Number of protein chains: 2
Amino acid sequence: MAHIIVVGNEKGGAGKSTVSMHVATALARLKHRVGVIDLDLRQKTLTRYLENRLLYMQKHALDLPVPEFRDLPDVEKRELAAGENIYDRRLSMAVSGLEPICDFILIDCPGSHTRLSQVAHSLADTLITPLNDSFLDFDLLAQTDGETHEILGPSVYSEMVWSARQLRAQAGLTPIDWVVVRNRVGPQRMVNKELMIASLNKLARRLGFRIAPGFTERVTFRELFPRGLTLLDLRDIGVKQFNISMVAARQELRDLMTELKLPGVSI
Amino acid sequence: MAHIIVVGNEKGGAGKSTVSMHVATALARLKHRVGVIDLDLRQKTLTRYLENRLLYMQKHALDLPVPEFRDLPDVEKRELAAGENIYDRRLSMAVSGLEPICDFILIDCPGSHTRLSQVAHSLADTLITPLNDSFLDFDLLAQTDGETHEILGPSVYSEMVWSARQLRAQAGLTPIDWVVVRNRVGPQRMVNKELMIASLNKLARRLGFRIAPGFTERVTFRELFPRGLTLLDLRDIGVKQFNISMVAARQELRDLMTELKLPGVSI
Ligand SMILES: Nc1ncnc2c1ncn2[C@@H]1O[C@H](COP(=O)(O)OP(=O)(O)OP(=O)(O)O)[C@@H](O)[C@H]1O
Ligand SMILES: Nc1ncnc2c1ncn2[C@@H]1O[C@H](COP(=O)(O)OP(=O)(O)OP(=O)(O)O)[C@@H](O)[C@H]1O
Ligand SMILES: [Mg+2]
Ligand SMILES: [Mg+2]
């Protein structure tokens with residue numbers, strides 16, 4: 001059975017597609033068979049990132065490890081069971097298409113509340129939720145007191161995860177390993193960072209997620225998109241000099257891959 | 001007639017709600033009458049930011065300038081004209097509710113493609129599009145060649161703005177002043193920044209927008225959310241020491257307010 005990794009956060013720009021590309025590429029480079037499904041049907045950021053990679057490989061006759069991308073197949077309305085939602089069918093077909101040939105299937109979700117995203121969350125063995133170090137982002141996980149930062153209750157995204165967990169429990173599946181990954185973290189020490197860490201730790205116990213060290217705000221996580229590359233690929237394209245930010249970025253990605261505790265993955 | 005400012009970008013996390021709060025508060029502090037409508041009905045980031053402000057003002061008996069917030073009113077299906085969309089009606093009611101008492105109406109859009117967002121874009125006298133300094137974000141404005149960065153064609157968000165402009169032209173309204181605002185810009189000089197500026201300049205001529213200097217990545221733009229404050233309010237709450245980042249942030253906001261060239265607004 002392929003291990004399903006869902007990358008989700010209803011909050012826009014938290015870093016879902018960025019984390020998706022880096023985790024999927026890391027797994028492919030570690031010789032695991034990785035399938036990828038992009039559920040952001042309008043923006044298709046991950047789809048483009050992978051298309052850019054294939055184009056670059058072609059142009060430069062390079063053989064880089066590349067995750068197996070699968071589009072949602074088209075489905076005729078008449079093929080559906082009574083009352084079955086067409087998106088549910090398209091997603092399950094994409095997943096079953098990848099299952100026989102993959103150890104991991106990674107699903108990138110959109111930054112909005114869609115049916116596909118809801119269904120994908122209930123399929124997650126591992127759910128990765130990237131999160132900016134910001135109370136604007138935190139606000140979608142939990143409502144907090146403006147001055148004490150005490151947690152007042154859940155918010156739209158944690159409620160969405162909760163219903164995915166319900167569905168999964170009812171279907172008798174193993175519980176979701178929910179991992180919150182801090183992203184675009186500021187480089188220096190600052191009060192806001194300390195407050196975020198404290199609030200996240202409290203919320204982790206309450207909502208049942210664990211926190212993984214994530215990525216600092218670094219241009220290397222975004223400047224390679226046009227060529228479909230990640231920092232892990234740079235040696236393969238002949239880069240020999242690595243500045244301190246690149247070395248640190250590589251370590252951040254390694255630490256994340258370790259912390260995700262994915263079955264059969266060792267760094 | 002109130003001047004309508006729409007803050008839009010289908011790309012999640014570009015900084016719409018952050019820019020909305022700072023522009024609306026700046027206008028209120030300059031003694032203009034500002035109304036605000038939040039079209040992100042699920043996440044309600046701007047709504048919360050303003051609720052936090054009111055709570056903070058109440059708790060500390062403070063009288064800060066505060067934009068006039070208007071919810072979308074509820075509407076009975078039977079009140080609608082034949083074929084009229086309920087969201088169109090709710091939005092136009094919110095706008096007409098604010099018009100008599102406002103010089104400016106600012107509308108914050110969600111990071112996804114919704115009917116409300118589409119209609120709001122056609123109401124814009126000024127359209128502010130915040131944009132991260134990243135080709136991931138640029139990708140929603142235009143498709144580009146991965147290596148030359150030459151512009152290959154429009155993308156989902158610029159097409160959406162184009163249809164809003166069509167609607168507006170057909171209705172005989174003045175053209176939209178489309179201003180792209182760079183946000184979360186890296187502090188140092190870097191190749192990615194230069195490439196982004198070059199690509200944006202080319203695209204500006206092609207798509208008919210102008211580029212305003214925006215905000216650097218600064219914790220001050222996000223750490224005041226829980227208290228509903230912006231850096232402009234800090235003197236009012238007794239802060240006397242301003243570090244260099246705060247002083248620079250204030251100048252960035254001033255420069256943006258100047259560059260927006262809003263009627264009757266002088267800094
Ligand atoms: N660690 C990082 N350092 C620097 N830039 C980053 C980092 N992570 C993400 N970014 C940038 O932040 C922006 C948002 O990232 P991304 O598109 O991956 O988020 P997302 O959650 O997939 O957004 P959406 O909700 O639109 O799908 C992009 O411009 C991306 O290049
Ligand atoms: N200039 C800035 N400096 C530092 N952090 C920023 C800046 N602008 C925005 N942010 C942070 O970036 C994240 C995204 O900002 P924001 O929520 O305003 O974007 P948005 O476009 O409204 O997102 P959505 O698409 O979800 O509505 C938030 O965590 C916010 O605090
Ligand atoms: Mg994405
Ligand atoms: Mg927003």
Side-chain angles (χ1 to χ4, degrees), chain A residues 9-18 40 42-45 48-49 51-53 55-56 59-60 110-114 132-140 143-149 155-157 184 186 188 190-193 195-196 217-229, chain B residues 9-18 40 42-45 48-49 51-53 55-56 59-60 110-114 132-140 143-149 155-157 184 186 188 190-193 195-196 217-229:
Chain A
N9 191 339
E10 199 175 325
K11 181 71 181 93
K16 299 176 286 296
S17 305
T18 298
D40 195 333
R42 242 181 94 87
Q43 301 185 15
K44 301 191 197 258
T45 305
R48 285 249 232 287
Y49 208 145
E51 284 175 353
N52 293 348
R53 189 179 186 79
L55 262 164
Y56 189 82
K59 260 178 117 178
H60 299 268
S112 54
H113 186 49
T114 65
N132 277 308
D133 242 25
S134 167
F135 280 100
L136 263 91
D137 281 45
F138 195 93
D139 195 53
L140 266 78
Q143 308 214 29
T144 56
D145 179 276
E147 298 196 68
T148 65
H149 299 291
S155 191
V156 285
Y157 183 66
R184 305 197 74 172
Q188 316 94 351
M190 49 182 83
V191 175
N192 188 59
K193 236 168 157 175
L195 287 174
M196 280 293 295
E217 171 80 18
R218 297 183 191 282
V219 76
T220 190
F221 286 116
R222 59 175 187 257
E223 67 180 337
L224 301 175
F225 167 80
R227 291 181 283 165
L229 303 172
Chain B
N9 190 338
E10 199 174 326
K11 181 71 180 93
K16 297 176 289 293
S17 306
T18 298
D40 195 333
R42 240 181 94 86
Q43 302 186 14
K44 299 190 196 261
T45 304
R48 284 249 233 287
Y49 208 147
E51 284 175 353
N52 293 348
R53 189 179 187 78
L55 262 164
Y56 189 82
K59 259 177 116 178
H60 300 267
S112 53
H113 185 49
T114 64
N132 277 308
D133 241 27
S134 167
F135 280 101
L136 264 90
D137 281 44
F138 195 93
D139 194 55
L140 266 78
Q143 308 213 31
T144 56
D145 179 277
E147 298 196 70
T148 67
H149 300 292
S155 192
V156 285
Y157 183 65
R184 305 197 74 173
Q188 317 93 352
M190 50 182 83
V191 176
N192 188 59
K193 235 168 157 175
L195 287 173
M196 281 292 297
E217 171 79 16
R218 297 182 190 282
V219 75
T220 190
F221 286 116
R222 59 176 186 254
E223 68 180 335
L224 301 175
F225 168 79
R227 290 181 284 165
L229 303 172

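Naming convention: chains lettered A, B, ... in sequence-line order (proteins, then strands); numbering from 1 in each chain. Any value given below was found using the heavy atoms of this structure, including those in side chains, with hydrogens, waters and symmetry copies removed. Because the structure is a prediction, the values reported are computed rather than measured.
Between B:F135 and A:F225, the shortest heavy-atom distance links the atoms O-CE2, 3.6 Å. Contact record, B:G111 with A:Q43: O-NE2, 3.9 Å, taken as the closest heavy-atom pair.
Only the side chain of A:Y56 has a heavy atom closer than 4.5 Å to any heavy atom of chain B. Both the backbone and the side chain of A:V156 come within less than 4.5 Å of a heavy atom in chain B. Looking at A:D40, there are no atoms closer than 4.5 Å to chain B (heavy atoms on both sides), in backbone or side chain. Only the side chain of B:K59 comes within less than 4.5 Å of a heavy atom in chain A; its backbone stays farther off. Residue contact with chain B, scored on non-hydrogen atoms closer than 4.5 Å, is absent for A:N52. Interface residue A:S134: backbone and side-chain heavy atoms are both found under 4.5 Å from chain B. With a 4.5 Å cut-off on non-hydrogen atoms, A:K16 does not touch chain B at all. Only the side chain of A:S155 comes within less than 4.5 Å of a heavy atom in chain B; its backbone stays farther off. In this structure, no portion of B:L55 lies under 4.5 Å from any heavy atom of chain A.
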Practice prompt. Could you please spell out the steps behind the side chain to side chain donor-acceptor pair (under 3.5 Å) verdict for A:E147 and B:H60?
Written response: CA-CA 11 Å; A:E147 298 196 68; B:H60 300 267; 2.8 Å; yes
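For the pair A:R184/B:R184, a side-chain contact is recorded, criterion being any heavy-atom separation below 4.5 Å from C-beta on. Inter-residue side-chain proximity for A:T45 and B:D139 is flagged as unmet; no heavy-atom pair is nearer than 4.5 Å.
Comment: B:R42 engages A:E10 in a salt bridge, judged by a side-chain N to carboxylate O separation of less than 4.0 angstrom.
The residue among A:R227, A:E223, A:M196, A:R48 with the most heavy atom pairs within less than 4.5 Å of chain B is A:R48. For the set B:G228, B:G186, B:G146, the count of heavy-atom pairs under 4.5 angstrom toward chain A peaks at B:G146. Among B:T144, B:N132, B:L136, the residue with the largest count of heavy-atom pairs under 4.5 Å with chain A is B:L136. Contact count against chain B (heavy-atom pairs under 4.5 Å) is highest for A:N192 among A:N192, A:T114, A:V191. For the options A:T18, A:L140, A:D145, heavy-atom pairs under 4.5 Å to chain B are most numerous at A:L140.
Checking each of B:Q188, B:K193, B:M190 against A:V219 for a side chain to side chain contact (heavy atoms under 4.5 Å, CB included) leaves exactly one that passes, namely B:M190.
Remark: the backbone N or O of A:D137 is not paired with any side-chain donor or acceptor of B:R222 at under 3.5 angstrom.
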